[in-house]
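Just so it is clear, the structure is predicted and the values come from calculations on it, not from any experiment. Just so you know, ligand 1 is whichever comes first in the structure, and atom 1 is the first atom listed for that ligand.
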Amino acid sequence: MPKVIVAPSILAADFSHLADEVRKVEEASADWIHCDIMDGHFIDNISFGPSIVGFVRKQTKLPLDVHLMIEHADHYVPRFVDAGANSITVHVEPESKHDVGKTLQQIRDSGSRVGLTLNPDTRFELLEPFLDKIDMLLIMTVHPGFGGQSFRAEQMEKVKRAAEWNKSHHRRIDIEVDGGINAETARVSIQNGANVLVAGTSIFHSDDYAKAIRELRDPG
Ligand code: DX5
Ligand code: ZN
């Protein structure tokens, strides 16, 4: 079993104390920092951009896991690379308005890890032409746009298919889940084959970050 990686999503952090929040989750043994980039076009919310990612970069040595929920991701990839992203994940849906294959190669050529993601209503088949070009597959367990939503258990079918793909192709792409992840849904996700857990509310809205992260990594 690959080590379970916990990536707190700063979308749920207290932005008036963002530097402290990032340092606190690093001290609490987080593995990565998940950065949710929303443009108000691909999805119905606006979050933050490369300048905030650059600010977070200065607060921590942890890998920055940048999740682009934007249109025309290819246009912005260089700015997130310059800001210090260690992995960049883009959406596969046509509504994200980019040439998926070209953008994945662009991320690869930039030296960042390459991630691909799909919304809950998107079929797994849309990913298949690209699975051998990526380092990480992000299965959204909520419809993207907001933190604090409920986990969609039916998405575990896609986690299982990704784990089967790894097995049948002798690969180990990371299988990441994002949305409604807490100790209980972490257990379900790991049982189905996920090894990277993104969590916002269950960490930043707890009063003990280390305990919250421990319970995600080892839900027992
Ligand atoms: C939603 C984002 C998630 C979100 C997770 O669009 O991609 O990363 O911040 O937040 P919780 O853990 O609160 O569901
Ligand atoms: Zn996310």
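Near His67, meaning under 4.0 Å from one of its heavy atoms, ligand 1 places the atoms 7 (O). Close approach of ligand 1 to Met69 is summarised as follows: ligand atoms under 4.0 Å from at least one heavy atom of the residue are 6 (O), 7 (O). Each of the following atoms of ligand 1 lies closer than 4.0 Å to a heavy atom of Phe146: 1 (C), 6 (O). The atoms of ligand 1 that sit less than 4.0 Å from any heavy atom of Leu11 are 9 (O). Near Pro144, with a cut-off below 4.0 Å to any heavy atom, the atoms of ligand 1 are 6 (O).
With a heavy-atom cut-off of 4.0 Å, Ala199 touches ligand 1 through its backbone alone.
The atom name of the N/O/S atom in Asp36 closest to the Zn ion (ligand 2) is OD1. Its N, O or S atom nearest to the Zn ion (ligand 2) is what matters here, and for Asp178 that atom is OD2. For the Zn ion (ligand 2), the nearest N, O or S atom contributed by His67 is named ND1.
Each of Asp135, Thr89, Asp174 was checked for a side chain to side chain donor-acceptor pair (under 3.5 Å) with Arg113, and the lone residue meeting it is Asp174.
Residues Cys35 and Phe48 meet the side-chain proximity criterion, which asks for heavy atoms closer than 4.5 Å. Residues Ser206 and Lys211 have side chains not in contact (no heavy-atom distance under 4.5 Å, counting atoms from C-beta outward).
More than 12 heavy atoms of other residues, nucleotides or ligands lie within 6.0 Å of CG in Asp14, so this atom counts as buried by the packing criterion.
Between His205 and ligand 1 there is no heavy-atom distance shorter than 4.0 Å. Within the 4.0 Å heavy-atom cutoff, Met140 counts among the residues contacting ligand 1.
Of the candidates Gly180, Ser9, Ala7, it is Gly180 that places a heavy atom closest to atom 14 (O) of ligand 1. Between Val142, Asp178, Asp36, it is Asp178 that holds the heavy atom closest to atom 5 (C) of ligand 1.
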